[in-house]
Each structure stands twice: as C-alpha cells, then as structure tokens.
Amino acid sequence: MNGVLVKAVLASSPDYDRLFESLSWPGESWPRPERVEALTALIEGLGPLLADSSSAEKSRRIRDNVESVVWIQCLPLLSRISIEAGDGAPCRESTAAACRLLSACVRLCDRAVAGRVALSVLPALRLSEDELPGPERLSVEVASEVMAALIPSLTDDDHLILATLSSALSCIKTLPDALVSKVTVRLLLSLLDGCSGVRLRSSLKLVLEELCSWHCAQRTAVVTERALLCLTALSDHLLLKAELPPSSCVPDPRLSLHFWRIVQDGLTHRDSISRKRALYLLKRCVALSEEEQVDCPHPPSGEGETLFRWAPNRSELLREFWEDYALVMETLEENQVHVVRPLIKSSVRVVASGVGLLHPSWLLCVYQRMFHSENKSLMREGVCHLLELQILQQPTCSFESAGQSVGDCPELAAKLQGFMVAFFSSLPSEHRGSVLLKMIQQLSSKYWCAVPLLFLSQALSKLPPSPLLEIDGLTALREVLRCTMITHQVMLRGAAQCFLLSSALCLTNVRAVTLDDVFSFLMHFHVEESLCRGTNIWNQLCVWLSDNESSFKPRIVDGDSTVSVSQFLCFSGQIERLPDSKEADRLARAILLCVDMEKSQCGTKISSTLESLLFPLMDTLSRVSTNIYMPVRKSDKSLQLLLRLLQLGETAGCQHVGEEQGLAVAMASLATVCELLELEVINMQTETCYALKELNEYFYSPLSQSQALLGNFNKRLLKPHTGDSQGPLLQDWGCIAAKLIRDQWICLSFLIKDLGIPEICRAPDTLKAALSCSVDALALLPSDLVLPVLTFMQAVLPQLLLEEEMLCVEAVTVSWELVQGLSNNANDFWPALKGFISMVFHHKLLELTHTQALTFAATLKQVIKIRLLDFETNGCDNLDEQLPRICALTLLSRLDSSNRQHERLIEELVMALLKKDNEISKSKVRYYSNSLQHRVKNRVWQTLLLLLPKLREEFVASLLNHVFEAGFCSNQASVKYLIEWMMILILIRYPQHIDNFWTCFSMDHEKTKTSVCTFLSVLVHLNTIMPHLKEKAVQLRKALDIILQYCFNHNFSVRLYALLALKRVWNLAEIQAEEGADSLRELSTVIEACLNQAEAMQSTGNANKNWIRIQEHFFFGAFHPVRDYSVETIFYTFPSLSDLADDEWIPTWKFEKLAHFPESLRFPLKNPSPDLSQLQPGDWIQQDKGTEADKEERWAEVQKKITPWRLGIQEQEPELQLVPPQRAARLGKLHGALLVVASLIDKPTNLGGLCRTCEIFGASALVLDSLRHVSDKHFQSLSVSSELWLPLLEVKPVELTDFLQLKKSEGYCIVGAEQTANSQSLQDYHFPEKTLLLLGNEREGIPANLLQMLDVCVEIPQQGVIRSLNVHVSAALLIWEYTRQHLVSSSTEVSSRN
C-alpha cells in the first residue's frame, strides 16, 4: 500500500523538501514502524527519478535530504532503540524498519556515506559485557543488524570487509551466549553472501583458520560450542563440491586436523545442540566426499595425523561405516540400547578391517557418549563392549550372561579380567610396571563405588605373576585400602581386600621391598574382614613368605642386616624396642605368620629363636604385678602386644556354640511363659512365682556394687565361627540374636508390671539404667520386634519422669523416630504406633500439671501436632486400624482450655488443621469422593468441631474468615456438611459475627459460583441462630433480601437451595409476625407469590424429584445443629449418611472402650435423639462445582459443535472462487500474525493435520516444501478442506536460510520447537505478535545449520519417559498457546471496531 501511495504522490511532482519534512520525525522521538516504512517507501520510489532526473540541482537536493535521513533520523533512532528497548516485539520491528530505511538511503547516497556509517558502527561490535550502549554507541545486536544492511553497499571496500569480518570473529569469542548466534547469522552470512571469487575464498580461509587456532589454544566446552555454531552456519559455503582445481577453490575443512578435533569434541559435548551440529558437519563431509569420489586428503596432510580419510575404491565400506556411525550417535540421544548394540559391533568390524582408513578415535567418541549416558543399561553396554575389544592381539570373545546363577562372576567382571590380561600382555615389558602403578594410583585419587572397585581388584588378581610393583606400588595399594575403601560395605570391602592382597603377592618385586615394608603394608588388612588366621588368603601369604624369605631387600639398621622373617622378629622383638600401639598389630601378625610358616613345613617345630623372642616378653609380663619400679610405658607396650597376639591368634575354625544356643532357647521359653501368664492362659503357681523372682534378680543384678549398670540387659549372642559358612546356624544367626533380645524384653515388661524391681537390687539409679537399656534396645532390634520394649517403657516412664526428665524425653524421641521411619511399612507401622501411643498417652503422663516436666510436655505437644496431621494425611494405609486416631481424639478431648499450655496447644493445632485444609483445596490433585484428599479434609473438620467448645471467643473471631473461605472451596458433600455445621455453631455461640456472614454473599467467586449453596444451607437453619440475635426483624429482612436474589438464579442448584431457604426463613418470619413483629407484613404478599410461583416451577419432571429429595435430606430435615452436637454425630452418623466409606465411621463403643474418654453434658458422647441414627443415606448430593451440571438431561450425550468466527456460512460456492485471505475476510474470520513454517516435514498426514490446526486457530499462513502435498489423499483426509481457507506458501528446504533471513529483516521473531540447553518452557514464554514458528523434521528435528537462525527455542514440559511428541501434536500445542495469549487482545480490538 505504501508503494502505491508513493507512486501516486511522486507522479504529481511534489515539493520534495516538504515531503521529506512531513514524513521525517524529530531526532529525539521514537516513531511507529509504519511511519518509518512510509519514509522507506518514499526513498525507494526516488531511485528511478534520480536516475532519470535532468536537473543536477534537484538530484543533489534529494541526495542531501536522503543523507540527512541517515544521520538525523536513522542512527539516532537506532541509538535510542539500543538504550531504551529490550528484546521485545516493538524493538525488533522498529530495528528492522530502521535498517530497511538505512539500506534504502545508502543505495542513493555516495559510496563514502556507507563507509562512514560502517566506521561509526563497527566499534559497537567490540562492546564488552560491562559496557552499556550510549548515544554514540549502539548495542551489539542492533549494530549487527545495521552492518548486515550496509554490507551490500560495502562490497568494493576490502578494508571495511576485513574489518567487519574481524569484528564478527571477535564478537563470537567475547559476546554472551544469547547474542553469539544472532551476530553469526546476521553478520557472517550477510558478509559471505555478498562476496565472491578471491574475496570469498580469503574470507572463508580467515574464518576457518581463526576458529581452528582458537580451539587449538583453548580446547574448552564453550570454545567448542561456539566454533561448531559458526562452522555449521557457514557449512553451505565451506562444504561445496569443487568445480575447479583445489588451489582455486574455497578452503576445504576436511584437510584440517583441528577441524576434525572440533567435530569430535562436539560429538561428546555435554550440550545436545552442539552434538547435533557436530554430527551435521560430519554428515555433510561424508556426503561431499562420496559425491566427489576423490582421495581425501589430497595431497596427503602434512600435519602428521589424519582423522578423516576417503578412498574411492573403498567407498562402499566407508559409506556403510559412516551411516552406521551417524545412526549410533543419533540413537544414543534416545538411549536405545537395542539399536546401539548391533550397530556398534558392525562399526568395530569396519574399523578393524579398515586398514588405516578409519581412525580409532571415532569409536572412542561413541564410548565416551555411552559412558556419560543417563541410562545405566546403556552405560553398562558401553563398558562391556569396550572391554570386549580384542583388536590388540586376539579375536573378539563373546561372554554371555543368560542363565547365570547367583554367585557366578558377572559378565562385566569376566570381560574386565580378559581385557586386563590382554592389555598388559600387549604392553612392552619395560612399560608394564609404570602403567600398573599409574592405574593403582588412579584408584586412590578418586572416589570409587564398591562394586566397580571389587571388579578391578579381581581383575588385577588375575594378571600373570610378574615383578611389577616396588615400594611405590605397595604405597599406592595401601592408599586404596586406607582411603578409597573406607566407606564401602563390609562384605564387599573384605572381598576387595582379599583380591588386592592376592594381586600384591603375585605382582610385587620382592627384591625391591623389605620385610618391614611388607608387614607395614599388611597392617591395613583387617582381621575381621579379610586377613584372618586360618583363611585361604592367610595360608597363601604364609606360602609366599616362605618361598621368598631369602629374597627380600635387606634392611640395614645399626650395622645389622635383616632378610628372613625370624631375623626381622628378633630385631623388632627386643624388649627395649617393644612396639607402640600401632606397631603392636604389625609385630603380632608377623609372629603368627612366622609360627604358621614353620608349622606348614613338615616335621618342624617352633624354633628356639621364636622362644627366645617371647621369653623377654613373658618375663616382663610376669613382673608387672611385683615390680613397682617397672616403667608404665614398658608394661603397657607388653600388654598391647599380648592383647594383639590373643586377638589375632584365633583361627577361623569352629567355636563352641552350645552355651549360646542354650541361652537363646531358655530365654525363648521364659518369654513364652510370661506371655501366657499375662494373657491369663495359665495361673500363677508358687513354683512359677519363685522362678520369676529369680529371673527378675538375674536381670537387675548390677555389674558391680559401686555402680548400677545392668549387665544382663540386652545380652547378646556372639556369632560362631564354623567351617560351614552356608550352614543354617550362620544363615539365621542374626534372627536368633535379635529374638534373644526381644525375649528378654518380653520377660522384663511382664516382670516390671507384676513384680517391680527386686528389693535387693534397688539402687537409686537402677530404674534409670533400665530405661537407658531400653533406649539402646530400640537401636539393636529390628522394627517388628520393638513392641516389648515400648511396653516396658510404658511402665517405667511415669515413675522416672520427674527425676529423669531428659532421659524420658530421649526415650520418647527415639521411639517416635523409630515409628516415623516405619511410615512406609504398614505391617510394622501400626503395631509400633499402637505401642507408642499406649506409652506416651499414659493417663499418669496426661495428668501432669502445667508446671511439671516442661521439656517433656513440649516434646509430647510436638508429637501430638505432627501425629494428628499425619493421621489425616497418611492414616489410610491400613483403614481397619482406628485405635491411634481414637487415642489422639481422646487426648484432645481431655485438654483443658483453662490451662494456658493446653489452650496454646489447641489454638496452634486448629491453625495447622485449617492450613492443611487450605493446602488441599488449592492443590491441583483431583478431589474424588473417598479419595485421600477427601478423607483428610473430612477428618480436619471433624477435629475442628470436636475442639470448638474449647476455643476462646477472641480466637474464634480470628479464624472466622478461614472458615468462611473454606465454604467457597469445592468440597465433597461430607466436608460441606461439617463446614456448614461449624458456621452454624459459631453464629449460635457468637452471634455478633452475623454481619461477617452476610458479607460472604457479596463476594465474587467466579470459579465456584455454586459455593453460595453452602451459605444458603446455613440460612436453612436460621431458626436455631435467630434466638441469639439482636434486632431479629432487621436480620430477617437481610436474610430475605439475600435469598430472593438467588431464587431465580440461572443455576438449578442455587435456585433449589434458595427456594428451600426462603421457605424456612419465611416460616420463621410468619412466627415472628404472630408474636407482634409485623415489620415484614408488607412483603408477605410478594414473598408468598414468589414462593408459590417458584414451587410451581419445580412441580414437574426431575425438578420436582429434586425438590422432594432436598426437603427430605437429613441435613435439612431430621438434623438439629445443637441437639445433635455429639461425638456420635460427628464421627459416625454424619459419615454414614454422607456416603463416606465405612472404614471412616467410628462407632461410640470404640470411644467407650478407652477408660479415659471424657464426657460432658455440653458435648456428650452419644446423641440424645435417635432421629438421625434411624435414617438411611439419601440420593441427594449437594452440588458444589462451578460447572453447568444442571443442564437438561436430553443434551447430556450430544456433542456441541462451535463456529470459530462470527458469521455463519450461507453460500460456500461463490466463496471458493476467492483466494483464502479473501474468503476468510468475507466470513468475518480473524487472522493472527503467526506464520507456521513446515518445509522440513515430509509426511502428508502430519501436514494435513497441521493445516487444519493452523486454519482453526487463525494462522496467517502455512509454509510447505511443496504445494503438491495438497492433492495427496492422506493430506486431504486430515485437512478436511482447511487448505481452502488458509494461505499456503511454498519454500524448499534449501531455501529456508534465505527465507528466514528475509522474515527476520521484516521484524519476525523466529521461534523453533526444539529441546536445547537454553530452551524456554512453553508455559513461561510469551509469543510476540509477529512470530514465525519453525517446525523440525519428524525424525531429525531442526537441522543444525538452521538452529543458529532461531531467536528462541521453546520446549513443551514433559512428565513421561518418552522424550518427544509427534510434530503435529507439538505444533498444535504451540499454536494454541500463541492463540490463547493473543486471543483476548484480538477479540477486544475487533469488538471496538464494530
């Protein structure tokens, strides 16, 4: 339109000065893009006039005006955009318009103008992150757009082209990540598109060399990422088929070693987009090599190493390899093990037969990707396959794991062993020791999990014997033992220690280490885990020492040389050289090894040398008790050595276990007797009583007379050492030991209740010690065996609380932590919780005054709060068990509101319950009947009704708004009744809050319009509230005014509730009138007519049935809020009448079963009236949802079709003769500015569905790779004629780069549907109005060379395992989100025009 107007204006020979003046704007203002476009159109229209102008003066004036536009309008506007605007749509459109104006201006000015503008803009490209744009400097993004507009006018200036290229490369290195792609695309591509010939070749060579040298100098992840971005963007220029000799063509990146290193680093990059770009470059290089069919490299590379080769005579082999390789790398992105496994084996075979054509580093890239995969199966497959490679010396071996039994060597460990043997065998002998040392040092330099370290240790032990390790090797192994394995599980650590010791015996060079080094090394093998006397590894060590005894490196000390073990012991065992605490273990182990070495030699006895060694030690020990002058240090060292000898001297043979077994059997028998006596199955006999007294004295006998430590509490069994490690005794030993402790506490819990503490054992601290032992028992016993301990605590706590409060607090805390830890195990949780509640809710503990045991009371208070809320949240795991909840309710019922501490607990608990209810109401979890959320809310309001009589008036006033707010939430029927009951009781007790209740009807709750039914239900019971109100006539008038508003509401449920409330309230008004209050008499005629009319409306069909049901409903019929206020109504009657699951009903007998449940006249246990208990659940359910659930039933199964535009379609045939935009305009259809580009999609079904989606949501156009898709029957089956109403454009995939560049210059924001590291979530992203949505290919997504064209990547949040959606589904989600964001504003604009 601008062009047409400009031609018309210019045809009239206007005053050009005034025309420029009228279209220009002040330098400090920011014009709309339309005004800038108008001036651009004028200047473009002046071009032909200047060429044909016969007046030089006129041409000069026009050129002066055009140049003034550059300096006065364009550059100031761009500077202001840089300073004030962000990255929004207005900034993008204004920048694009200003750059188009600048480009039009410089084409008409002298060539020097474009150069001066470029020189003024180039410094902005070197703007650092700390510097901000100013009046003299543009932002980097705006400067790149300006230079892209100027480049076509600078093609003759080599100096400026080189300066621009250098600035662009500098930007790539220094700019933030968000700006790099924009600068690369706009600047580099525009510059190279404007070059040709020698200049193009030199520019590409400069870029390639700069990127490769940068990556070579700084081989980091960031450098790799940015280098790949640039190389991918320039791939269309760099990777072209050579039409001329190599010396005359553009530089070939395939000949650069550094280029391939960039590609390989990209294939293993942490960023998926970088990996995609690297794979794209690799594919392009392979495709180009196959197309050219020439040797690569040509001539041979002089860089020494060649990572990529192509030979025409091996073309088929190479093509197969690279196709499989690309497929492997692509499937690794999806973690598909079943696809990777056969492909990688095929690739290995090709590499093995490639004879130098394929570099092994390409396979290492695959393995590195597999090792860093999130899929553990894929990682394991990579490790196994790498270890299986036998390219070193021998053919590949296959290790199968199918049918493998427990205890067999795992597949990974077996392959690791084979790999280690092959690897070290292939190394030169002089290098094996250094490689092995480095490997062991790596084991100690990093944290290793137990299983991998075990496999590596086992693999080391399988290496052929060879003298590879010296003192450094033993030191490295010691570090592995001392640091790496310290936190591993005991069994795995012991196994790894055995393998490492076996490795040391096979691989140590004995001539390079001394015996002192060996025994120092052996100190780090624990006797409990690995190096125990009598085991196989111990015997193997004895044989190794015996075989190499004379070969060890001599140790020279004080002129003496020690080589043999006996000489070493003679030297180290002298009395004056007795060991310290650390050396005792070393010397004791050496002595025992020496003994076993001599025993293993046939016909030999312990040598006299050893006897002479032990003689001074025994002499010292014999004089310890008689020689008072013996140094303490000397005697201590002797005792240390003796102790270690005794500890290490035990063999791994069989121990006597008869006594231990007898103790376990005896204690189990006594426990059974105690249980039978407690259940009164057997009677207490005299002999039994005497035996139990002896048992009681046995338990409480102290260790010594001076201290009350109970040595027979928690008596444990020592695990026997038998030769049969798989015998039944050892397999069940843990269970036997635990049951022994459990049986002790069964006896103790019975004895403490029946006999107490024996008199002869009654020391002041005996009971304290017993409770302390019970706390220890909780840590010793399994969770299913702790009940006897809790029973014992129940009897002891009341006796100790006032004297030993802190110990009691510890007992309760430990017990509570144990119960909490069982919350996921219903079988053990409920019995443990039952025992805990019986312990802490003991009636003597609940009778404490507010000044007694404050710390214990605070702990108990915290447990009560947490536990009660836990009952509501997690208490449904085992619905048959109601005792914990009943106990908690009993406790709450016994709280005394006159006690300040109790009062504070009640109020905090009430606020916590209201908060819990509010959290559930606001959660996004669906709220079904009898769901967990339903049960929790029901229990919350039941508890609140129970506590209401105990609340202060001031506190009730503070929580009143929370109660009213709960009424506005969407609630199930049972919860709704309880909330309404709560409101009624509050208004009865505190009628001064009636005004707050009236204000609820004036609140606007759009999402729950029918929630007013809750408050209308309260008005149905106004007769119970009215006696407590002042100014009854005024309150009745307010009630009638409010009810009448809802009697003719559009919602059926609201009308029904309002009608019922009107009927009840008007009956109340008539009673008041009979008593003399006639202020409402003038309304009687109107209200009665209204009531009769409303009832008449309900007289037919379903309306009449519902009217009868609601009047007969228990809440509006038999129920009385005050008379029926009882425990029975709250916890049994209401749940049973509200269709709540029967496991939520708590009958009164369960409360009566608890002897301490309180009952008062104002809050009785049972309901005094039998009316409610005789009712059955009705079929009327209160509706409380903001839906149109009250529509007529005849429409329930009919699908509603909508017309997405304002006018109906009357005559379609004439409309089909118009182009799609005209047809849509004739129909009044709204079009957005969204442009959907689907040129990369090739499936007709996806394109057809996408066309339908774009048409429905009003996209401006759909771009396809070919318009022939429209005639495809699969396309038409899904498009259902939508192509007739939607503009379709054709853009080939190879043309997309130019098309996107064009749209970017028009101010479009290029949005891609792609998952990248910097993607924005769809739910957080706001689409600009001018948005171009680029959709990727069904399989490969958006190609790497187009990714840098995107302004932003948007991804759809996902919750499942599958990583991608169908492209049509993804596009539909993004198109709808764009439409949703712009729908309101578009509709408002159309309405305002109408």
Side-chain angles (χ1 to χ4, degrees), residues 490 528 660 663-664 666-668 670-671 674 695-704 706-719 733-753 756-758 761-801 803-822 825 828-829 831-840 842 845 855-856 859-860 863:
V490 175
E528 303 86 357
E660 303 283 344
L663 176 62
M667 194 58 66
L670 291 171
C674 291
L695 178 63
N696 208 22
E697 293 176 359
Y698 163 78
F699 279 122
Y700 288 96
S701 300
L703 288 177
S704 64
S706 60
Q707 52 184 358
L709 296 179
L710 307 177
N712 293 322
F713 274 54
N714 295 330
K715 195 169 184 63
R716 310 172 200 179
L717 296 181
L718 297 177
K719 187 174 182 179
W733 189 258
C735 180
I736 296 171
K739 287 183 178 179
L740 171 63
I741 299 178
R742 188 273 313 267
D743 293 337
Q744 295 175 48
W745 287 102
I746 290 177
C747 298
L748 285 166
S749 62
F750 173 76
L751 294 172
I752 193 69
K753 290 185 292 185
I757 299 177
C761 301
R762 284 183 181 172
D765 294 333
T766 300
L767 201 58
K768 173 184 174 182
L771 182 59
S772 180
C773 290
S774 67
V775 174
D776 296 337
L778 293 179
L780 295 173
L781 286 172
S783 56
D784 57 339
L785 302 179
V786 297
L787 284 181
V789 184
L790 298 179
T791 305
F792 180 84
M793 287 182 172
Q794 178 184 351
V796 173
L797 279 179
Q799 303 180 48
L800 277 178
L801 181 58
E803 292 80 11
E804 298 292 340
E805 182 182 2
M806 296 312 298
L807 181 58
C808 295
V809 168
E810 181 186 1
V812 171
T813 303
V814 173
S815 304
W816 174 236
E817 290 175 352
L818 183 143
V819 173
Q820 278 188 310
L822 298 174
N825 184 352
D828 296 338
F829 172 73
L833 181 61
K834 179 178 180 181
F836 176 78
I837 290 178
S838 301
M839 176 183 73
V840 298
H842 194 281
L845 299 180
T855 305
F856 183 84
T859 304
L860 189 58
V863 169

_Member of C747, P788, S749 meeting the side-chain contact (heavy atoms from CB on, under 4.5 Å) criterion with C674_ = C747
Which pairs would a plain distance check flag for residues 769-782, meaning a side-chain donor or acceptor within less than 3.5 Å of a matching protein atom at least two apart in sequence or in another chain?
residue : atom : partner : partner atom : Å
S774    : OG   : L771    : O            : 2.4

Nearest 0.5 Å please: distance from the [atom1] atom of [X] over to the [atom2] atom of [Y].
| X | Y | atom1 | atom2 | value |
| --- | --- | --- | --- | --- |
| I837 | L833 | CD1 | CG | 4.0 Å |
| T791 | L748 | OG1 | CG | 11.5 Å |
| E804 | K768 | CD | NZ | 4.5 Å |
| W745 | L751 | CH2 | CG | 11.5 Å |

Shortest non-hydrogen contact between [X] and [Y], atoms and distance:
| X | Y | result |
| --- | --- | --- |
| A738 | L785 | CB-CD1, 3.9 Å |
| S815 | A811 | OG-O, 2.7 Å |
| A795 | I752 | CB-CG2, 3.8 Å |

*Using the side-chain hydrogen bond (donor to acceptor under 3.5 Å, both in side chains) rule, collect all pairs that involve residues 734-744, keeping only residues at least two apart or in two chains.*
none
*asked:* side chain to side chain contact (heavy atoms under 4.5 Å, CB included), that's the test. Do V789 and I741 meet it? Break it down for me.
replied: CA-CA 10 Å; V789 184; I741 299 178; over 6 Å; no
*Results of side chain to side chain contact (heavy atoms under 4.5 Å, CB included) for S838 - residues two or more places apart only*: Q794
*Do any pairs count as a ring-ring contact (aromatic ring centres under 6.0 Å, His included) and have a residue in residues 766-787, sequence neighbours left out, and if so which ones?*
none
